[in-house]
Every structure is written in C-alpha cells, then in structure tokens.
Amino acid sequence: QRSTSHLFTEGITPRGDGEAGFSLMEAMVATTILAVALVSLADLLVYATRATMGSRDTTRAVILAEQKMEQLKALAWATDESGGQVSDVSTNVAGMTASANCAAAVTGAHVGLTPSPAGALASNTDGYVDYVDAHGCGLGGGAVPPAGSTFIRRWSIAASDVGPDTLILQVLVTRRGIRTSAPAGGASARMPDEARLVSLKTRRVP
C-alpha cells in the first residue's frame with residue numbers, strides 16, 4: 001500500500017471524507033455559468049432601470065397634461081344674460097405667474113381659445129405650446145424651446161361636430177427630443193413616454 005506522501009509525489013490528491021475535489025474543468029464550467037448569470041442579471045437591472053425611468057416620465061407627462069387641460073377649461077367660454085357670447089381669445093395660455101419655486105414666464109402668443117391651426121399637436125406652434133423644465137416650472141411659449149426645457153406641452157382647439165359652441169380640446173405632452181418634427185401626414189398619435197388628453201368644452205349659459 002502506497003503512503004500518503006507517495007500519493008502527493010505522483011500528483012494525486014487524496015480524498016477526504018469520501019468526497020472528490022473539483023477538477024479544473026468543473027471549476028471552469030462553474031465560472032462560466034456564474035459569468036452568464038451575472039451578465040443576465042446586469043441586463044435585467046438595466047431594463048428595470050429604464051422601465052422605471054420611462055414610467056416616471058410618463059407619470060410626469062400625464063400630470064403636466066392634466067394641468068394644461070384644466071387651464072384651458074377654466075378660460076371664459078360662455079353666454080351672458082343678454083345672450084351675448086363671452087369667448088376668451090386673448091389669454092396667453094403659455095404664460096406662468098411666479099411662485100415660490102418658479103420664475104414668471106411671459107413669452108407666447110395671446111390667443112386664448114382661438115381655434116388652432118392644423119398640426120398644432122405635431123409641431124411647436126406659438127400660442128399652442130409651452131415648455132417645462134425638469135422641476136416642473138413653466139418656461140413660456142414660442143416656436144423654439146428655451147434653454148432648460150425638459151418637456152414640450154402642445155395643445156389644439158377645434159370646433160366639434162356638435163356645433164361651434166362646443167370645442168374639442170387636446171393636450172399632448174412629450175419629453176423634449178422624442179418628437180422633433182411633424183410626422184408624415186401630420187399624424188399626432190401618442191408615442192412612448194407621452195401623455196395625451198382629449199376633452200370637450202361647451203359654452204355655459206347663465
């Protein structure tokens with residue numbers, strides 16, 4: 001019977017407690033499996049991070065769209081006691097008053113509820129667009145986004161088939177850089193990470 005020292009001399013590792021040691025091939029296979037698992041986990045984390053950021057941007061876009069829709073619906077559009085029409089067609093809807101965290105914004109055309117031109121949701125049309133920074137502060141309107149713009153908020157105003165006293169209001173909010181020009185055919189369907197709201201506004205009677 002060979003001695004333990006003789007086994008080590010011949011390069012044979014003795015077994016302890018009846019268990020064989022890992023071979024070099026087994027170690028390589030285990031390392032490969034671990035590496036593949038780590039790469040897959042990293043890809044999953046990247047995907048989850050992107051999904052979370054996309055969901056956050058979409059939520060912000062929805063909030064901004066709701067704010068603009070409420071602003072449009074609050075503009076005067078009614079019939080007075082004498083039967084005359086009261087229509088706000090002079091408010092700068094892109095203008096913002098100063099607040100504790102945001103400076104005032106005064107740029108933008110004063111058009112109120114004046115019907116918008118075709119393609120107002122697909123391109124920056126003065127009077128029907130404003131810009132918002134990363135902190136949610138309005139930066140005013142105009143055809144060119146000012147420095148610091150994170151979101152572009154566009155809206156359209158049109159008479160409905162019901163009659164001229166009922167307006168169709170649409171608001172589209174997108175992160176800057178997603179929609180850089182009017183799509184072919186003037187389409188304005190919602191794209192990823194955008195928010196789009198549609199509502200009706202009918203003249204109120206006394």
[atom1]/[X] to [atom2]/[Y] distance, rounded to the nearest 0.5 angstrom?
X	Y	atom1	atom2	value
Thr59	Leu64	OG1	CG	11.0 Å
Glu66	Ser199	CD	OG	11.5 Å
Asp126	Asn92	CG	CG	8.0 Å
Leu172	Leu121	CG	CG	5.5 Å

Min side-chain heavy-atom separation [X]-[Y] under 4.5 Å:
X	Y	result
Asn124	Pro145	yes
Val129	Ile152	yes
Ile168	Leu200	yes

List the atom pairs, with distances to 0.1 Å, where a side-chain N or O of residues 94-106 and a protein N or O form a donor-acceptor pair under 3.5 Å, not counting sequence neighbours.
from	atom 1	to	atom 2	distance (Å)
Ser99	OG	Cys102	N	3.2

Backbone of [Y] reached by a side-chain donor or acceptor of [X] within 3.5 Å:
X	Y	result
Thr166	Gly163	no
Tyr131	Arg176	no
Ser156	Ala120	no
Lys201	Lys73	yes
Trp77	Asp165	yes
Thr107	Gly141	yes
Tyr128	Pro115	yes
Ser116	Ile157	yes

*Pairwise salt bridge (Lys or Arg N to Asp or Glu O under 4.0 Å) hits with a residue in residues 77-99, at least two apart*: none
*Can you run down the salt bridge (Lys or Arg N to Asp or Glu O under 4.0 Å) pairs that involve residues 96-115, sequence neighbours left out, and say none if there aren't any?*
none
*Can you hop from Trp155 to Leu197 via hydrophobic side chains spaced under 4.5 Å?*
yes
*Look at the side-chain heavy atoms of Ile, Leu, Val, Met, Phe, Trp and Tyr, link any pair under 4.5 Å apart, and say whether Met69 and Val173 land in one connected group.*
yes
*What pair of heavy atoms forms the shortest contact from Val86 to Arg203, and how long is it?*
O-NH1, 3.4 Å
_Restricting to non-hydrogen atoms, name the atom on Pro164 and the atom on Ala159 that form the minimum distance, rounded to 0.1 Å._
CA-CB, 4.4 Å
*Are side-chain N/O atoms of Arg154 and Ser123 paired as donor and acceptor at under 3.5 Å?*
no
*Which pairs with one or both residues in residues 61-99 pass disulfide bond (SG atoms under 2.5 Å apart), sequence neighbours excluded?*
none
*Partners passing salt bridge (charged side-chain N to carboxylate O under 4.0 Å, His left out) against Arg204 (at least two apart in sequence or in another chain)*: none
_Suppose we screen for side-chain hydrogen bond (donor to acceptor under 3.5 Å, both in side chains). Which residues come up paired with Lys68, at least two apart in sequence or across chains?_
Gln71, Asp130
